[in-house]
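All values below were derived from every heavy atom in this structure, side-chain atoms included, with hydrogens, water molecules and symmetry-related copies excluded.
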Amino acid sequence: MDIRAFKMDGLGNDFVIIDNRQKITNLTKDQIIKICDRNFIGCDQLIFIESSKSSDANLKFFNSDGGESGACGNGTRCVAKLISEETKSENIILSTSNGNLESKILDKNIVTTEIGKAKLQWNEIPLSEKLDTKNLNIKIIDSNNKEHSGGTAVNVGNPHIVFFVNEIENFNIEKIGPEIENHKIFPEKCNVTIATIINKNLIRVKVWERGAGLTKACGTAACATAFAGKLNDLTENKTDIEFQTGKLSILIDDKNSIHMKGPVSEIKEIEFKL
């Protein structure tokens, strides 16, 4: 099978994007896993663009383990840029399983997307039992073998847990991430963020992404972290989330809707055989 696709990234969080609006490409789970494999093409997520009557396009996201994801913030921003090049419009609306997301293309490949309101109820995350989502009291261990208890759960299209700690470098995200992702309290698994408050407008993070593993950046994790920071009175309405490759700016407006702004890469066209 010959496949034409696009390769893009947001702060290193990278995607293979297949346009299914003219010619439909059907892939099995194993084929999706192969495309995402770093020894083949390699990406954090694979995205399908589909036709939509209610928006500029419909999006479907698949993690590198082949499982479908409900939301992908950086992926949405990348496709918004791609569609805007085609339509010559600065305003793009994309449909996802979590509703329509509106994006605006700014100068120098900066794209802002309104993700919408966060969900905080235990059954909206979802959790397997009724707990206080502001503090799940889940224990993680630092490099000095000291115990830290906490975790704020937020759903921004997919489930997240955010741990606020004094220094993220003291925590091994590659060990903690899969343990918490597969914790019994999360029936649909979860994304895991370890975060340090630098000041009221800056949070430094490491992210383990559900179904994808360690990632250089994650848009929905940035949204979840900023919202959890505000919820815990640690940050203000506008917060930068710093990853190893750069920052995403998150704004929580007066209606509690979350807006994410940051750079996307140039669009690269690729062809490969499966």
*Mind checking whether T76 and S103 have side chains closer than 4.5 Å, heavy atoms only?*
yes
_Transitive ILVMFWY cluster of V79, excluding itself - 4.5 Å side-chain cut-off_ = F6, M8, F15, I17, I47, I49, L59, F61, L82, I83, I92, L94, I105, V111, V264, I267
*Find the distance between CG (N74) and CG (L248) and round it off to the nearest 0.5 Å.*
5.5 Å
*For E90, look at atom CD and say whether over 12 heavy atoms of other residues, nucleotides or ligands are found less than 6.0 Å away.*
no
*Rounded to the nearest 0.5 Å, how far does CG of N237 lie from CD1 of I252?*
6.0 Å
*Keeping the roles fixed (side chain from N13, backbone from K216), state whether a donor-acceptor pair exists under 3.5 Å.*
no
*H259 versus T113, side-chain donor and acceptor atoms under 3.5 Å*: no
*Nearest-0.5 Å distance, NZ of residue K247 to CD1 of residue I241*: 10.5 Å
*Can you establish whether the number of heavy atoms outside K104 located under 6.0 Å from its atom NZ is more than 12?*
yes
*Do you know which two heavy atoms are closest between A212 and S64, and how far apart they sit?*
CA-OG, 3.2 Å
*D14 and R38: salt bridge (Lys or Arg N to Asp or Glu O under 4.0 Å), yes or no, with the steps?*
CA-CA 11 Å; D14 59 346; R38 298 287 175 189; 2.7 Å; yes
*Output yes when a side-chain donor or acceptor of E102 lies under 3.5 Å from a complementary backbone atom of N91, and no otherwise.*
no
*Of all the heavy-atom pairs spanning G116 and S257, show the shortest one and how long it is.*
CA-OG, 3.4 Å
*Would you please test S52 and S95 for side-chain contact (heavy atoms from CB on, under 4.5 Å) and show each step?*
CA-CA 8 Å; S52 171; S95 302; 3.5 Å; yes
*State whether the side chain of S249 and the backbone N or O of G262 hold a donor-acceptor pair below 3.5 Å, judged by distance alone.*
no
*Go through the steps for I197 and T235 under the test side-chain contact (heavy atoms from CB on, under 4.5 Å), then give the verdict.*
CA-CA 8 Å; I197 305 292; T235 53; 3.9 Å; yes
*Got a sec, which hydrophobics cluster with I110, joining ILVMFWY side chains under 4.5 Å apart, including via others?*
L106
*Donor-acceptor pair, D240 side chain versus I250 backbone, under 3.5 Å?*
no
*Under a single-linkage definition using a 4.5 Å side-chain heavy-atom cutoff for Ile, Leu, Val, Met, Phe, Trp and Tyr, are V154 and L234 assigned to the same hydrophobic cluster?*
yes
_So which atom in I258 and which in A118 form the shortest heavy-atom distance, rounded to 0.1 Å?_
CD1-CB, 4.0 Å
*Would you check, one step at a time, whether the test salt bridge (Lys or Arg N to Asp or Glu O under 4.0 Å) holds for K255 with D253?*
CA-CA 5 Å; K255 294 179 181 177; D253 67 22; over 6 Å; no
*So, H148 side chain and N166 main chain: donor-acceptor pair closer than 3.5 Å or not?*
no
*Looking at residues at least two apart in the chain, or sitting in another chain, which of them share a side-chain contact (heavy atoms from CB on, under 4.5 Å) with N63?*
Q45, D65, S69
*asked:* Would you say that T220 contacts H160 through its side chain, given a criterion of any heavy-atom pair below 4.5 Å between the two side chains?
replied: yes
_S55-N100 side chain donor-acceptor pair, cut-off 3.5 Å_ = no
Output side-chain donor-acceptor pairs under 3.5 Å for residues 223-233, partner residues at least two apart or in another chain, one line each.
unit_1	atom_1	unit_2	atom_2	d
T225	OG1	A221	O	2.7
N232	ND2	T152	OG1	3.1
N232	ND2	A228	O	2.8

*Heavy-atom pair with the smallest gap, counting every atom of D9 and L11*: OD1-N, 3.6 Å
_Distance in Å, N39 CG paired with K34 NZ, rounded so as to fall on 0.5 Å steps_ = 11.5 Å
_Distance, nearest 0.5 Å, that separates SG of C72 from NZ of K60_ = 15.5 Å
_With rounding to the nearest 0.5 angstrom, report the CD1 to NZ distance, I115 to K117._
15.0 Å
*asked:* Under the side chain to side chain donor-acceptor pair (under 3.5 Å) definition, can you give me all pairs with a residue in residues 123-144, not counting sequence neighbours?
replied: N137-S149
*asked:* Just checking K238: does its NZ atom have more than 12 heavy atoms from other residues, nucleotides or ligands closer to it than 6.0 angstrom?
replied: no
_Quick check: closest heavy atoms across I203 and A195, and the distance to 0.1 Å?_
CG2-CB, 3.7 Å
*side-chain contact (heavy atoms from CB on, under 4.5 Å) partners of K175, counting only residues at least two apart*: N172, E179
*Rest of the hydrophobic cluster containing I35 (Ile/Leu/Val/Met/Phe/Trp/Tyr, side-chain heavy atoms under 4.5 Å)?*
M1, I3, V16, I18, L27, I32, F40, I41, L46, F48, F62, I270, F272, L274
*List, by chain and number, the other hydrophobic cluster members for L136, where Ile, Leu, Val, Met, Phe, Trp and Tyr join if side-chain heavy atoms come within less than 4.5 Å, directly or indirectly.*
W122, I125, L127, L131, I138, I140, I161, F163, V165, I168, F171, I173, I176, I180, I185, F186, V192, I194, W208, L214
*Can you tell if the side chain of I24 reaches within under 4.5 Å of the side chain of N26, non-hydrogen atoms only?*
yes
_Pairs flagged by side chain to side chain donor-acceptor pair (under 3.5 Å) wherever residues 184-205 is involved - sequence neighbours left out_ = N182-K189, N201-E236, R204-E242
_List the residues meeting side-chain contact (heavy atoms from CB on, under 4.5 Å) with E169, not counting sequence neighbours, and say none if there are none._
E167, K206
*Got a sec, which pairs hit salt bridge (charged side-chain N to carboxylate O under 4.0 Å, His left out) with one end in residues 262-274, sequence neighbours left out?*
D2-K273, R4-E269, R4-E271
*Take K81 and N109 through the side-chain contact (heavy atoms from CB on, under 4.5 Å) test and state the conclusion after the steps.*
CA-CA 8 Å; K81 173 64 175 175; N109 278 16; 3.2 Å; yes
_Residues forming a side-chain contact (heavy atoms from CB on, under 4.5 Å) with D30, sequence neighbours excluded_ = T28, I33
